[in-house]
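Comments concern the structure below.
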Amino acid sequence: MHIKWNALAQTAGVSFGVTVAVVAVFALGILALSRREASLSAQREAAGPGAPANGGKLALAGAYTCFAVCGAAVLYGLSLIAGK
């Protein structure tokens with residue numbers, strides 16, 4: 001039995017890189033949600049108790065995009081594992 005060490009190292013490196021990238025994108029999504037909540041809270045305090053708070057739509061769209069990218073990466077990985 002012969003182990004192809006180069007192929008093993010490449011697979012481990014790509015797996016590590018993709019894992020770090022997916023975690024970073026997920027963290028960006030969480031950060032966007034956090035910034036949105038802070039923005040809405042500041043708007044509520046500035047406008048008063050009865051005023052509607054409608055802001056942070058760009059942050060919410062960014063968060064949804066980040067989570068969609070993470071979900072797509074997970075589904076692609078599952079499709080690779082499941083095979084044909």
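FYI, side chains are in, hydrogens and waters are out, and symmetry mates aren't considered; it's all heavy atoms of this structure.
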Show me the donor-acceptor pairs, under 3.5 Å and distance only, between side chains in residues 14-22 and residues at least two apart or in other chains.
from	atom 1	to	atom 2	distance (Å)
Ser15	OG	Thr11	O	2.8
Thr19	OG1	Ser15	O	2.7

Joining Ile, Leu, Val, Met, Phe, Trp and Tyr whenever any side-chain heavy atoms lie under 4.5 Å apart, the cluster holding Ile3 also takes in Trp5, Leu8
Please confirm whether the backbone N or O of Tyr76 pairs with a side-chain atom of Ser79, one donor and one acceptor, at under 3.5 Å? yes
Please determine whether residues Leu60 and Ile30 belong to a single hydrophobic cluster, defined as Ile, Leu, Val, Met, Phe, Trp and Tyr linked transitively by side-chain heavy-atom distances below 4.5 Å. yes
What are the two closest heavy atoms between Arg36 and Ala59, and how far apart are they? CB-CB, 3.9 Å
What's the shortest heavy-atom distance between Gly29 and Ala63, and which atoms? O-CB, 3.6 Å
Quick one: CD on Glu37 to CG on Leu33, what's the gap to the nearest 0.5 Å? 7.5 Å
Enumerate donor-acceptor pairs with a distance under 3.5 Å from any side-chain N or O in residues 64-75 to protein atoms, sequence neighbours excluded.
from	atom 1	to	atom 2	distance (Å)
Thr65	OG1	Ala61	O	2.8

